[in-house]
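Below is one structure, written out as structure tokens; the observations come after it.
FYI, side chains are in, hydrogens and waters are out, and symmetry mates aren't considered; it's all heavy atoms of this structure. If you read the sequence from its start, that first residue is 1, and numbering goes on from there. We count ligands from 1, going down the list as the structure has it; atoms in each ligand are counted the same way.
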Amino acid sequence: MEINFKDEILKLKKERNAIILAHYYQRSDIQDIADAVGDSYYLSKIAKDCKEKVIVFCGVKFMAESAKILSPKKTVLLPVIDAGCPMADMADAEGVEELKKKHPNAKIVCYINSSAEVKAMSDVCCTSSNALKIIRNLEEEEIIFLPDKNLGSYIQEQIPEKKFILWNGFCITHKKVRPEELAKAKNLHPDILIAAHPECEKPVRDAADFIGSTGEIIKFVNKSSNKRFLIATEEGVLHQMKLNDPNKEFYIPGGGMSCINMKKTYLKDVYNCLLNMEYNIELKEELRQKAYNALSNMHKLGG
Ligand code: 13P
Ligand code: SF4
């Protein structure tokens with residue numbers, strides 16, 4: 001007999017006292033069964049404050065790890081164990097240590113897309129929706145920003161009075177966007193509005209009408225009275241946009257932008273995750289506490 005994954009997930013979720021969180025880059029059917037769908041910051045707030053005993057994080061590893069760092073008493077499950085983030089893997093604790101020695105007066109700001117080890121070495125964490133606010137409010141003039149050089153340089157452009165030391169990391173999905181595609185879309189539809197994620201490279205950001213996190217892009221599109229939009233971020237965001245505004249038209253550069261890691265999670269994985277209570281995120285307490293400081297500073301400064 002075929003399993004109705006949706007029904008079984010809802011049953012198991014109640015039995016386990018679990019909440020299902022899904023990032024906007026997840027598949028549409030995963031977003032539809034989730035209790036909360038959002039950007040990285042919103043989901044980390046829910047993970048921090050929710051009452052349920054179990055968090056099923058439909059996203060990538062650093063997201064589930066951040067939930068565990070913020071809520072150590074809860075069981076945090078990642079449905080697909082190898083759903084990682086190549087950008088997060090580009091930074092390591094040893095490299096941060098070296099930079100710290102070279103720039104002893106700098107504050108270390110890490111993007112939430114980073115490992116627990118890197119967070120443990122950092123002063124404060126940020127997401128694309130609060131990075132500007134957090135860095136603006138830091139007293140220090142020197143900022144080590146990692147791992148995303150694109151988000152880092154986007155913030156740097158807006159706070160020219162601070163000195164930024166940028167790590168050489170990037171998102172392989174956003175790197176694929178070519179500015180020519182944006183120009184082509186504008187030529188074809190002069191009324192089109194371009195919204196881009198700050199993980200895009202500078203020429204792409206410069207051609208955009210709006211830059212923001214996934215949640216901010218979705219809000220921008222929903223509030224705008226424009227009809228056509230080119231969305232320069234992972235195509236999963238289109239699901240909420242189409243639900244919000246079925247009569248608007250959405251285009252993606254190159255015809256598609258998909259993060260293979262975000263797309264690894266299927267309904268059957270969420271079902272197996274709740275059935276077998278796997279994969280359980282565990283961290284050494286000493287490491288968790290160090291990483292907690294950076295994340296809790298993000299919630300203090302970025303809220
Ligand atoms: P946000 O949801 O914070 O915009 O993050 C985008 C992202 O790349 C997550 O991996
Ligand atoms: Fe990492 Fe980019 Fe995928 Fe986000 S979209 S999880 S930054 S590879």
TODO: Report yes or no: does K100 contribute a side-chain atom to a donor-acceptor pair with the main-chain N or O of K107 at less than 3.5 Å?
DONE: no
Task: Contacts of type ring pair (Phe, Tyr, Trp, His ring centres under 6.0 Å), residue Y271, not counting sequence neighbours - done: F5
Open item on the list: Are L132 and F210 connected into the same hydrophobic cluster when the rule is that any two of I, L, V, M, F, W, Y join if their side-chain heavy atoms are below 4.5 Å apart?
Closed with: yes
- [ ] Determine, for K284 against E286, whether the closest basic-nitrogen to carboxylate-oxygen distance falls under 4.0 angstrom.
- [x] no
TODO: Would you mind listing every ring pair (Phe, Tyr, Trp, His ring centres under 6.0 Å) that reaches into residues 102-160, with sequence neighbours excluded?
DONE: none
Task: Closest non-hydrogen atom pair, Q31 against A22 - done: CA-CB, 4.3 Å
Every pair of nitrogen or oxygen atoms between ligand 1 and the protein that is under 3.5 angstrom apart - can you list them with their distances to 0.1 Å?
{"unit_1": "ligand 1", "atom_1": "2 (O)", "unit_2": "H23", "atom_2": "NE2", "d": "2.6"}
{"unit_1": "ligand 1", "atom_1": "2 (O)", "unit_2": "S40", "atom_2": "N", "d": "3.2"}
{"unit_1": "ligand 1", "atom_1": "2 (O)", "unit_2": "S40", "atom_2": "OG", "d": "3.4"}
{"unit_1": "ligand 1", "atom_1": "2 (O)", "unit_2": "T214", "atom_2": "OG1", "d": "2.7"}
{"unit_1": "ligand 1", "atom_1": "3 (O)", "unit_2": "S40", "atom_2": "N", "d": "3.4"}
{"unit_1": "ligand 1", "atom_1": "3 (O)", "unit_2": "S40", "atom_2": "OG", "d": "3.0"}
{"unit_1": "ligand 1", "atom_1": "3 (O)", "unit_2": "S128", "atom_2": "OG", "d": "3.4"}
{"unit_1": "ligand 1", "atom_1": "4 (O)", "unit_2": "S128", "atom_2": "OG", "d": "3.2"}
{"unit_1": "ligand 1", "atom_1": "4 (O)", "unit_2": "H197", "atom_2": "NE2", "d": "2.7"}
{"unit_1": "ligand 1", "atom_1": "4 (O)", "unit_2": "T214", "atom_2": "N", "d": "2.9"}
{"unit_1": "ligand 1", "atom_1": "4 (O)", "unit_2": "T214", "atom_2": "OG1", "d": "3.4"}
{"unit_1": "ligand 1", "atom_1": "5 (O)", "unit_2": "S40", "atom_2": "OG", "d": "3.2"}
{"unit_1": "ligand 1", "atom_1": "8 (O)", "unit_2": "E199", "atom_2": "OE1", "d": "3.3"}
{"unit_1": "ligand 1", "atom_1": "8 (O)", "unit_2": "E199", "atom_2": "OE2", "d": "2.9"}
{"unit_1": "ligand 1", "atom_1": "10 (O)", "unit_2": "N113", "atom_2": "ND2", "d": "3.3"}

TODO: Give a yes or no on whether a salt bridge exists between E52 and R16, defined as a side-chain N under 4.0 angstrom from a carboxylate O.
DONE: no
Task: Which of the ligand 2 atoms, numbered from 1, are nearer than 4.0 Å to a heavy atom of N113 - done: 7 (S)
Open item on the list: Under 6.0 Å from the ring centre and within 45 degrees of the ring axis: does the NZ or CZ of R27 meet both conditions for the six-membered ring of Y266?
Closed with: yes
Open item on the list: K163 and salt bridge (Lys or Arg N to Asp or Glu O under 4.0 Å): which single residue from E141, E142, E140 fits?
Closed with: E142
Task: Pairing of E117 and K290 as salt bridge, 4.0 angstrom limit - done: no
TODO: Would you list the protein N, O or S atoms within less than 2.8 Å of atom 3 (Fe) of ligand 2, leaving out water?
DONE: C259 SG
